[in-house]
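See structure below.
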Amino acid sequence: MEPDTQTRAVGVIGWPVEHSLSPAMHNAALREMGLNWVYLAFAVEPELVGEAVRGVRGLRLVGLNVTIPHKSAVIDHLDEIDDTAAALEAVNTIVLQPDGLLVGHNTDAPGFIRSVQEAGHDVSGMRVAVIGAGGASRSIAYACATSGASAISIINRTPLRAERVAEMVREAADFDALDAGPLDGEFAQEAVTRADLVVDCTSVGMYPHHDVEPVISPQWLRPGQVVVDLTYNPIDTAILKAARAVGADTVDGAGMLVHQGAISLQHWSGQEPPVETMRAALLEQLGAR
Ligand code: NAP
């Protein structure tokens, strides 16, 4: 559909944003849904984030996705945020409601849960090992705590950061079955070995530094486990290969990326987005890199 005078814009704000995969993924979905919208990438300097958010109402944009480094900064400029966004202090989706209110959501956490469900697994009752303690780790640990995980261990190269993630989840999700510790040594080995779900939330293995060993020893993995790597470029990473080699089930990072986008699109349109079309567009983009 060619843009015309009825076309509405939606998009992603970030700084930088030119490598975002979201325009390809969302525009493919919009074409299939027959919506006269166009999804754009807006490079927004940190000091102008308030003006960008106010522009949503002024320009009657459908809404925005929000990526690094603006996920927390946008909150002050919104009328309301949902519980997950409040707990994580991170908004990745802004919706301009028909009543003119700007509402912030976090779709990263539910997007992760859907990607695991789609692979045929239920986080409920699982013991989880979360490796890493950055923004992704916070979302995943919170998502697991609020989806019925039985216990969660946060493991990180810098143990103090793992403690901080554990504290946040304990408080925000009212969840006590949590511990935290360093990546090297017994704590990590025990936590990974007994886990039903292992989620690598580190940036280890991310392009162009993808020719590396897994962040944990492959010997800690076992058959019957579910192993997720959030890194999606490349799609098949060292930890996923190691997990498959021992007979564990694997879920790649494209799953979460697609589902967080699909939930955003559902917030904006009220319709069920074509998830497979979004995934195909994403994989095509990744193959092109
Ligand atoms: P971040 O805030 O920069 O955190 C990076 C984490 O990786 C930290 O815990 C860091 O440990 C750890 N780390 C980095 N290099 C390491 C090394 N050599 N050995 C051990 N640990 C190392 O990053 P983020 O935003 O959380 O993102 C993490 C990954 O998730 C990235 O690959 C990102 O692309 C991916 N991600 C995917 C999705 C998705 O939808 N699939 C969504 C969000 C993020 P220290 O604390 O010790 O530095």
Side-chain angles (χ1 to χ4, degrees), residues 12 14-17 19-22 24-26 65-72 84 88-93 106-116 118-119 129-144 153-166 168-169 180-185 187-188 192 198-217 220 227-240 250-265 275 278-279 282-283 285-286 289:
V12 55
W15 184 259
V17 79
H19 296 297
S20 174
L21 298 163
S22 295
M25 197 166 74
H26 282 279
N65 278 139
V66 183
T67 189
I68 292 167
H70 302 320
K71 287 185 179 190
S72 299
T84 306
L88 295 171
E89 294 170 20
V91 161
N92 78 331
T93 305
N106 184 302
T107 71
D108 285 328
F112 169 75
I113 296 296
R114 278 204 199 171
S115 74
V116 173
E118 181 186 54
V130 176
I131 307 159
S137 162
R138 288 165 61 89
S139 300
I140 274 46
Y142 178 81
C144 292
S153 299
I154 319 282
I155 302 159
N156 197 44
R157 179 176 63 179
T158 312
L160 186 63
R161 296 190 73 202
E163 289 285 356
R164 288 204 194 113
V165 174
M168 182 282 291
V169 175
L183 184 57
D184 50 351
F187 174 85
V192 171
V198 178
V199 190
D200 184 351
C201 302
T202 69
S203 44
V204 174
M206 210 166 87
Y207 180 85
H209 308 290
H210 51 292
D211 206 8
V212 292
E213 294 294 311
V215 67
I216 50 162
S217 166
W220 301 351
V227 177
V228 186
D229 193 352
L230 295 194
T231 293
Y232 50 80
N233 190 13
I235 281 286
D236 200 20
T237 59
I239 193 170
L240 294 182
T250 58
V251 180
D252 65 41
M256 173 171 163
L257 193 59
V258 166
H259 282 286
Q260 61 78 27
I263 299 168
S264 298
L265 192 42
V275 169
M278 295 175 81
R279 187 189 318 273
L282 175 68
L283 295 182
Q285 282 291 109
L286 286 170
R289 283 169 185 228

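Every number for a ligand or one of its atoms is a count from 1 in the order of the listing. Residues take their numbers from the sequence shown, with the count starting at 1.
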Quiz item: Hey, does T231 have a side-chain heavy atom less than 4.5 Å from the side chain of D200?
Solution: no
Using a cut-off of under 3.5 Å, which N/O atoms of ligand 1 pair up with protein N/O atoms, and what distance separates each pair?
{"unit_1": "ligand 1", "atom_1": "2 (O)", "unit_2": "G135", "atom_2": "N", "d": "3.3"}
{"unit_1": "ligand 1", "atom_1": "7 (O)", "unit_2": "S203", "atom_2": "N", "d": "3.3"}
{"unit_1": "ligand 1", "atom_1": "9 (O)", "unit_2": "A133", "atom_2": "N", "d": "2.8"}
{"unit_1": "ligand 1", "atom_1": "9 (O)", "unit_2": "N156", "atom_2": "OD1", "d": "2.7"}
{"unit_1": "ligand 1", "atom_1": "11 (O)", "unit_2": "N156", "atom_2": "OD1", "d": "3.3"}
{"unit_1": "ligand 1", "atom_1": "18 (N)", "unit_2": "R157", "atom_2": "NH1", "d": "3.4"}
{"unit_1": "ligand 1", "atom_1": "26 (O)", "unit_2": "G135", "atom_2": "N", "d": "3.2"}
{"unit_1": "ligand 1", "atom_1": "26 (O)", "unit_2": "A136", "atom_2": "N", "d": "2.9"}
{"unit_1": "ligand 1", "atom_1": "32 (O)", "unit_2": "T231", "atom_2": "OG1", "d": "3.0"}
{"unit_1": "ligand 1", "atom_1": "40 (O)", "unit_2": "L257", "atom_2": "N", "d": "3.3"}
{"unit_1": "ligand 1", "atom_1": "41 (N)", "unit_2": "L230", "atom_2": "O", "d": "3.0"}
{"unit_1": "ligand 1", "atom_1": "41 (N)", "unit_2": "G253", "atom_2": "O", "d": "2.9"}
{"unit_1": "ligand 1", "atom_1": "46 (O)", "unit_2": "N156", "atom_2": "ND2", "d": "2.7"}
{"unit_1": "ligand 1", "atom_1": "46 (O)", "unit_2": "R161", "atom_2": "NH1", "d": "2.7"}
{"unit_1": "ligand 1", "atom_1": "47 (O)", "unit_2": "R157", "atom_2": "NE", "d": "3.0"}
{"unit_1": "ligand 1", "atom_1": "47 (O)", "unit_2": "T158", "atom_2": "N", "d": "3.1"}
{"unit_1": "ligand 1", "atom_1": "47 (O)", "unit_2": "T158", "atom_2": "OG1", "d": "2.5"}
{"unit_1": "ligand 1", "atom_1": "48 (O)", "unit_2": "R157", "atom_2": "NH2", "d": "2.9"}

Quiz item: Just wondering, do V275 and H259 contact through their side chains at under 4.5 Å, heavy atoms?
Solution: yes
Practice problem: Any salt bridge (charged side-chain N to carboxylate O under 4.0 Å, His left out) involving residues 228-238? Give me the pairs, sequence neighbours left out, ordered by first then second residue. | Solution: D236-R244
Exercise. First locate atom CD1 of I235, then atom CG of L282, and finally report the distance between them rounded to the nearest 0.5 Å.
Key: 6.0 Å
Exercise. Determine whether Y142 and N106 make a side-chain contact, defined as any pair of heavy atoms from C-beta on separated by less than 4.5 Å.
Key: no
Quiz item: Do F112 and D108 have side chains that get closer than 4.5 Å, going by heavy atoms?
Solution: no
